[in-house]
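Computed from a prediction, not measured in an experiment: that's the story for all the values here.
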Amino acid sequence: YRKKEMKKYIVQLVLTCAIVTSGFSQVAKDDFVKINKAYETHSNLSFDMKYEMYKNKTATKVVSVQSGETKLKEGSRYMRIGNVESIDNPNYHVIVDHTDKNITVLGIQKDEDETTVKANESPVDLEKLLGLCKKIEFSQINKSQNCYDLIFPSAEYSEVKLFFNSTTFFIEKMIFY
């Protein structure tokens with residue numbers, strides 16, 4: 001479950017890394033703030049995803065394809081990646097793994113403060129991973145799309161390419177190496 005959920009949290013890592021790491025230009029920081037704002041300002045969102053897995057960085061033949069979707073509505077989230085679905089709201093987390101035929105229901109303690117809840121959302125130590133972010137490169141793909149290439153020298157993903165719309169600042173594509 002943690003590896004599958006890692007993909008949704010890598011976005012948080014990428015955005016946090018870009019904002020916090022001192023080697024980034026002000027333009028990169030501004031762009032990542034705008035990306036965060038684009039998602040924060042919409043309480044209702046829905047998007048489809050496609051995950052393509054390749055043997056390595058230079059391979060052109062797809063090894064595996066999985067579809068996914070995310071729906072956000074007023075503080076609640078539904079997410080599906082392949083055969084795993086999850087529902088999160090202020091009261092509970094539900095994870096359904098259709099392959100393993102397993103349902104997990106996790107309650108949220110009402111006495112947890114917001115900092116504790118946010119810290120428990122991620123299965124990885126974001127502060128530790130931030131230190132791994134070695135370099136970030138910007139490129140303009142075309143008039144409506146920009147890309148940041150984040151390099152992680154020794155992590156599960158050595159490189160993450162984040163493509164975003166230069167007008168709306170919504171993420172359009174992510175490539176994990």
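Summarising the geometry, atom CD1 belonging to I35 is positioned 13.5 Å from atom NZ belonging to K37; distances are rounded to the nearest 0.5 Å. The line from CD1 of I81 to OG of S86 is 7.5 Å long, rounded to the nearest 0.5 Å. Here the straight-line distance linking atom OG1 of T167 with atom NZ of K34 works out to 10.5 Å at 0.5 Å rounding.
Defined by atom type and a distance below 3.5 Å, a donor-acceptor pair is present between the side-chain atoms of R80 and S67.
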Check residues 57-64 and write down every donor-acceptor pair under 3.5 Å in which the side-chain atom is one partner and the other belongs to a residue at least two apart or another chain.
unit_1, atom_1, unit_2, atom_2, d
K57, NZ, E159, OE1, 2.5
T58, OG1, N56, OD1, 3.1

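Residues S46 and K73 are not in side-chain contact: their nearest non-hydrogen atoms beyond the backbone lie 4.5 Å or more apart. Taking the side chain as every heavy atom from C-beta outward, E85 and H98 approach each other to under 4.5 Å. Residues M49 and F47 have side chains in contact (heavy-atom distance under 4.5 Å, counting atoms from C-beta outward). Side-chain atoms of T70 and L45, non-hydrogen and from C-beta on, never get closer than 4.5 Å to each other.
F164 and Y148 have parallel rings, their planes meeting at less than 30° on a 0 to 90° scale where 60° marks the start of perpendicular.
Of all heavy-atom pairs between K161 and C147, the closest is CB-SG, 4.2 Å. When every heavy atom of S76 is checked against every heavy atom of N89, the shortest pair comes out as OG-CB, 3.3 Å. T99 and D97 make their closest contact through N-OD1, 3.0 Å (heavy atoms, listed as atom of the first residue, atom of the second, distance). Nearest heavy atoms, D88 versus H93: OD1-ND1, 2.6 Å.
Following chains of ILVMFWY side-chain contacts shorter than 4.5 Å, one cannot reach L106 starting from I103, and the two form parts of different hydrophobic clusters. When the side chains of ILVMFWY residues are joined at heavy-atom separations under 4.5 Å, either directly or via intervening members, F176 and L162 end up in a single hydrophobic cluster. The same ILVMFWY cluster, assembled from side-chain heavy atoms under 4.5 Å apart, contains both F169 and M174. In the hydrophobic clustering of this structure, I171 groups with V160; members are Ile, Leu, Val, Met, Phe, Trp, Tyr whose side-chain heavy atoms approach within less than 4.5 Å, directly or through other members. A single hydrophobic cluster is not seen to contain both M53 and V84; linkage of ILVMFWY side chains at heavy-atom distances under 4.5 Å, directly or through other members, places them apart.
With sequence neighbours left out, the salt bridge (charged side-chain N to carboxylate O under 4.0 Å, His left out) criterion links K71 to E69. Considering only residues two or more places apart in sequence or on other chains, K143 meets the salt bridge (charged side-chain N to carboxylate O under 4.0 Å, His left out) condition with none of them. Applying the salt bridge (charged side-chain N to carboxylate O under 4.0 Å, His left out) criterion to E52, with sequence neighbours excluded, gives K50. Annotation: side-chain hydrogen bond (donor to acceptor under 3.5 Å, both in side chains) contacts of S144 (sequence neighbours excluded): N142.
In the displayed structure, Y92 atom OH is contacted under 6.0 Å by at most 12 heavy atoms of other residues, nucleotides or ligands.
In this structure, F163 shares a hydrophobic cluster with I141, I175, Y177, the cluster being traced through Ile, Leu, Val, Met, Phe, Trp and Tyr side chains under 4.5 angstrom apart.
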